Structure formats: structure tokens, C-alpha cells
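Heads up: the structure comes next, in C-alpha cells.
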2 protein chains.
Amino acid sequence: MNKAQMLTNNCATCNLKFAGFDTMDNEQLSVFKESHCRVEYKKGETIIKQGARCSNLVCIKSGYVKMHVEGLGGRSVIIKVLKPGDFIISPGIFDDNRNHFSASAITDVNTCLISIDAFSKVFHTNHKFAESILKHNHQLMQALYHQLINLSHKKMTGRVADTLLYLSGEVYQSNVFYTTLSRQDMADLSSVSKESLIRILKDFKESGIILVEGNQFKIQASTTLQKISQAG
Amino acid sequence: MNKAQMLTNNCATCNLKFAGFDTMDNEQLSVFKESHCRVEYKKGETIIKQGARCSNLVCIKSGYVKMHVEGLGGRSVIIKVLKPGDFIISPGIFDDNRNHFSASAITDVNTCLISIDAFSKVFHTNHKFAESILKHNHQLMQALYHQLINLSHKKMTGRVADTLLYLSGEVYQSNVFYTTLSRQDMADLSSVSKESLIRILKDFKESGIILVEGNQFKIQASTTLQKISQAG
DNA sequence: TTTAGCCATTGACAAAAATCAATAGATTTA
DNA sequence: TAAATCTATTGATTTTTGTCAATGGCTAAA
């Protein structure tokens, strides 16, 4: 994403791959455009807070965001790591109007916020847009089913292998990546304790499956990782 | 539900609390009515098969259904137990057209099946209906978030307590209930092994928290169960 | 009725994973 | 720069949980 694209204030020419953008006519695009506001978050800042009223559709123009559910005793589970082009629709929108998860910046992040009102207006006037939103939802749900299976049937090594494959395959889209996720974050993403995560990374490193140096990762044997993941 | 209501063939007078029914006009109702077909399943039968093409919106007129995701090595997780009045929209509908979970009858079940085409037609012409579908989806998703937290942060006793509270509170809606779920099913609902589930039920029974006699349950100290659930 | 098969239960044991404690490294703040 | 703070790492230990094996009961089929 270059600077010129990032700074565009026109939804019609926005580079975001926002599902449903292409179903919108000029009038609908201008509803979005008028409601939008650009906000920058610093690394560590909370973008969406679980329990608070949900007021925006959040589009990520640049940077990375972790989506997490806060549980008992300060612990949390990371559901998903979002990258540029992704967006967040809080599942409370047509329901109790509350956020049911939090989202925090794990790098500096540029966002474009669309008001719920504008979203709702377009949802109600453009059925193709509505369909694409439902589709987006369903995909999220499928990911949750997958995660549920992982949690209940796989042991730690399999879950950590999954996390590594997820980060390299879907988030950073490269076998070599630098992550701003802490070890605790990676543990929350795998649902293991921080110590266990570290031990497993060490094992993988010693077996030559991955290369780790601080937060710099290289997946060397992704087929082996896949086997570990499959074996549970 | 009495026989007369159950046998009604008219969507306008259907007693199902199907979200969005009240947003439909006569024309839309007749789209549903024309596409519908009534099917009876015997206990144990598969209603929706994971991986197969999804072709219907399934409304449950009577009986109970388990919604489960099949994982590795024949093991599965039960996501939800559905009761009369509930319905299932497969999350593949506007996406890959595949079912991402299975649904099986745990009693004899009466269903009303609406074709995807009819569903899609009404979804596209009635934005209030669309909104209620999205809302339904979001509620399902919130339940999944909750389950994710349970799985990753609670230990077995807390999860089994949750299962008992769920069955009595949401499914059978009574402190006293008879379930057709097997011990293995209850274990899959709690994500523990069958043996562990049995041991914990025994503990609860010996502590006087519940009364169990085969598949007949009575919750005697629901506050205690809630505390166990909260404690993790 | 008898046999076979499935489900529930129990005990013993092994594996898996979390917790606790201590240390080292890195980074921020005074 | 030094102190303070936070994160990462490692080892030792305990807790949690699953697996295996054996048994009894109930049901369904021959």
C-alpha cells in the first residue's frame, strides 16, 4: 500500500478489499464516505473493547490487529490476527449492541471507521451487500468451528504447529516472517501456557523444523508441521 | 405443541418461533410454503452431514437435535443441542455451499425443510428478514466465543458444570430433565473423555449438587454449579 | 432363552500440561 | 548510567486429564 492510496478519502477508489464494496452504487458509497473517519492507533492500543457499545465497522488500512476474547482471571484467547484489507463487524450490531470481543493493535495501525448507521443503511438497501456480509460472517464461523476442534482434540504440539502455519500461511503470507506478537500472544493463540509454547518452539527449532531468533521466524519444514498438526 | 399445530401446512400460521417470520409478507410466506417439505427423522439419523452440499434451511417442529463438528479420529465436538422452534442455517449457504457441521436426531424429530432457493429469494427481497438472519448468526457466534473461552481456560469440572447448566437452563428449561444424550454425547459437549465425565457426575452426585439416575437428572444446587463454572 | 454387543462404571496407570521458582536479557525510566 | 520493569527462558514439581483394562448391566438379535 503506498501513501497516496492510504490517504485516499474516497470510498469509491479505496484499495480495501472490503467484501461488498463492489456491490455498492455511488449513492451507497457516498453514505460510507460521509460517515467515515480515519483513525490511527499506536501499538498496544485497544481498538474495540469487549463489553462496550459497538459503534463502528472497522477497516484496517495498514498494520496488524489481534482479535481476542477476554475470559476469567485476566486470561484471553486470540481468535484471529487481522491484516491490512481485513475488517471487523462486531457481532452485536443487530443484537445487543455490545462488543463480544476486543481488538488491539499489535503494530501501529491505520483504520477507517464506518458508522453503524451508515452500515445499517446500506445493509438494508443493498441485498448483495447484505449477502456478502452474511458470507463474511459464515467464513468467520467456519474458522471458529475449526478452532474448536483444534482445542478439544489436539495436544499442544499440534496446536502450536497450527499457530505457526496460520501465521505464515494466512497472516504474513510468507515462510519467513517477523511478528510483533509476544510469546504470551502466541500462547493465547494456541491456548497453551507461555512456558509450554516456548518449550515447543525450542523443540521445533532443535528438530530443524523452524528457525527462530527472537521474533523472526522461518518455517523450514512446513510439511512436517502439517503432519504434526494433523496427527493432533 | 399439539398435533393440529404440528401438522399445519401453512407457513402463515406456523407456530415456529422462526426469527424473521413476522417480517414476511404473504407473498414471501407463500414462497416458503411452496418450497417446504415435512420430513420425519428417527432417533440417531443424520439430518445434516458435514462436507455434503447444503440444500435446506431446517426448522425443528418437534424433537431434539445435536449439532456437532466432526474432527480427527472419529471424535467430535457438540456445539449446541437444538429444541423445538430452533432452526439451522448452514454457514455454507452463500459461500462454498457445503455443510461445515453435522446435525443428528437425538430423539425422533419432525422437521420442516425450506429450500435454499426460497430462503435466498426472501433474503434478497426482505431486508428485515436479512437483518434477523444476521442477528441469528451473531448470536450463534457469541455462543461459540463463549465455548472457546470455556475450553481454553476452564478445567473439566467447570466445563461439566457448564454442560449441566446449559442442558437445564437452555435446552430442557427445567431443573429436572430426562436427556437422550448418551454419556459420550455429554462428554463431547464438555470436551472431556467419557470416563472423566462419568467421574465428575459421580462427584457432583456424592456432593449432593445433582441427582442422577441413568439419564434422569435433577439440579439440586444450581448456585454451587455456577460457582464451579465461574471458578474455572 | 441365550448369545452377542453396546453402554456405563470403576480402578490403576501413564501421559500431558500447568504452575512455581529462579535466572537471564532486554528495554524503559529516573 | 543505574535502577526498575517487563519479557523470555529453563528446570523442577504437581496437577490434571486421558488411556487401558476389567466388569456389570441392559438390550437386541438369533
Side-chain angles (χ1 to χ4, degrees), chain A residues 42-44 66 71-78 104 106 149-163 178-206 210-217 228-229 231-232, chain B residues 42-44 66 71-78 104 106 149-163 178-206 210-217 228-229 231-232:
Chain A
K42 291 281 165 210
K43 178 177 173 177
K66 65 176 177 182
L72 305 167
R75 286 188 292 188
S76 69
V77 188
I78 297 183
S104 319
I106 57 168
I149 286 290
N150 281 357
L151 272 185
S152 26
H153 295 331
K154 287 186 186 173
K155 24 193 180 233
M156 294 197 303
T157 44
R159 300 211 294 275
V160 173
D162 274 326
T163 293
Y178 178 89
T179 184
T180 55
L181 291 166
S182 68
R183 292 294 191 264
Q184 182 65 62
D185 284 336
M186 292 183 72
D188 290 344
L189 195 49
S190 320
S191 283
V192 299
S193 72
K194 187 183 47 174
E195 291 90 338
S196 295
L197 176 102
I198 288 168
R199 273 183 255 270
I200 292 166
L201 286 183
K202 193 184 169 194
D203 272 6
F204 286 173
K205 188 180 176 180
E206 284 169 359
I210 59 171
L211 228 65
V212 199
E213 191 64 41
N215 284 359
Q216 184 71 45
F217 287 78
I228 293 170
S229 158
Chain B
K42 290 281 164 211
K43 178 177 175 178
K66 65 175 177 182
L72 305 166
R75 286 189 292 189
S76 69
V77 188
I78 297 183
S104 320
I106 57 168
I149 286 291
N150 281 358
L151 273 185
S152 26
H153 295 331
K154 287 186 185 171
K155 19 192 185 239
M156 296 196 303
T157 44
R159 300 210 294 275
V160 173
D162 274 326
T163 293
Y178 177 88
T179 184
T180 55
L181 290 168
S182 68
R183 292 293 190 263
Q184 182 65 62
D185 284 336
M186 293 184 72
D188 289 345
L189 196 50
S190 320
S191 283
V192 298
S193 71
K194 186 183 49 176
E195 291 90 339
S196 295
L197 176 103
I198 287 168
R199 272 183 257 269
I200 292 166
L201 286 182
K202 194 185 170 196
D203 272 7
F204 285 173
K205 187 180 177 180
E206 283 169 359
I210 59 170
L211 227 67
V212 199
E213 191 62 42
N215 284 359
Q216 184 72 44
F217 287 78
I228 293 169
S229 157

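All values reported here derive from a predicted model rather than from experimental measurement. The chains referred to below are lettered A, B, ... by the order of the sequence lines, with proteins before strands, and numbering in each begins at 1. Computed from heavy atoms alone, side chains included, the values below leave out hydrogens, waters and symmetry copies.
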Got a list of protein N/O to nucleotides 15-17 of chain D N/O distances below 3.5 Å?
unit_1	atom_1	unit_2	atom_2	d
D/dT17	OP1	B/M156	N	3.1
D/dT17	OP2	B/M156	N	3.3

Task: Where at least one partner belongs to residues 179-197 of chain B, residue pairs that pass salt bridge (charged side-chain N to carboxylate O under 4.0 Å, His left out), sequence neighbours excluded - done: B/K66-B/D185
Task: A/D162 CG to A/N150 CG distance, which is reported to the nearest 0.5 Å - done: 4.5 Å
TODO: Go through the structure and list residues passing side chain to side chain donor-acceptor pair (under 3.5 Å) with A/S191, not counting sequence neighbours.
DONE: none
Task: Contacts of type side chain to side chain contact (heavy atoms under 4.5 Å, CB included), residue B/S196, not counting sequence neighbours - done: B/M156, B/V192, B/S193
- [ ] Rounded to the nearest 0.5 Å, what's the gap from CG on B/L189 to OG1 on B/T163? Could you check?
- [x] 4.5 Å
Open item on the list: Using 0.5 Å steps for rounding, measure from the NZ atom of A/K205 to the CD1 atom of A/I198.
Closed with: 12.0 Å
Task: Partner set under side chain to side chain contact (heavy atoms under 4.5 Å, CB included) for A/I149, not counting sequence neighbours - done: A/H153, B/V69, B/V77
Task: Between the first and last five pairs of the helix from C/dT1-D/dA30 to C/dA30-D/dT1, the angle of the axes, rounded to 10 degrees - done: 40°
List every contact pair, protein side and nucleotides 4-10 of chain D side both N or O, where the distance is under 3.5 Å.
unit_1	atom_1	unit_2	atom_2	d
D/dA8	OP1	A/R183	N	3.2
D/dA8	OP2	A/R183	N	3.4
D/dT9	OP2	A/R183	NE	3.0

TODO: Calculate, to the nearest 0.5 Å, the distance between atoms NZ and CD1 belonging to B/K155 and B/I228 respectively.
DONE: 12.0 Å
Open item on the list: When you compare the side chain of A/K154 with that of B/L72, does any pair of heavy atoms fall below 4.5 Å?
Closed with: yes
Between protein and nucleotides 23-26 of chain D, what N or O pairs are separated by less than 3.5 Å?
none

Task: Contact boundaries on DNA chain C for chain B, cut-off under 4.0 Å to non-hydrogen atoms - done: C/dA8 to C/dA12
TODO: Could I get the full list of side chain to side chain donor-acceptor pair (under 3.5 Å) partners for A/S104, not counting sequence neighbours?
DONE: A/H68
Task: Which atom of A/F204 lies closest to which atom of A/V160, heavy atoms considered - done: CE1-CG1, 4.0 Å
Open item on the list: Tell me every residue that passes side chain to side chain contact (heavy atoms under 4.5 Å, CB included) with B/T180, counting only those two or more places apart in sequence or in another chain.
Closed with: B/K43, B/I106, B/T107, B/Y178
- [ ] Would you please name every residue forming a side chain to side chain donor-acceptor pair (under 3.5 Å) with B/T179, sequence neighbours left out?
- [x] B/Y172
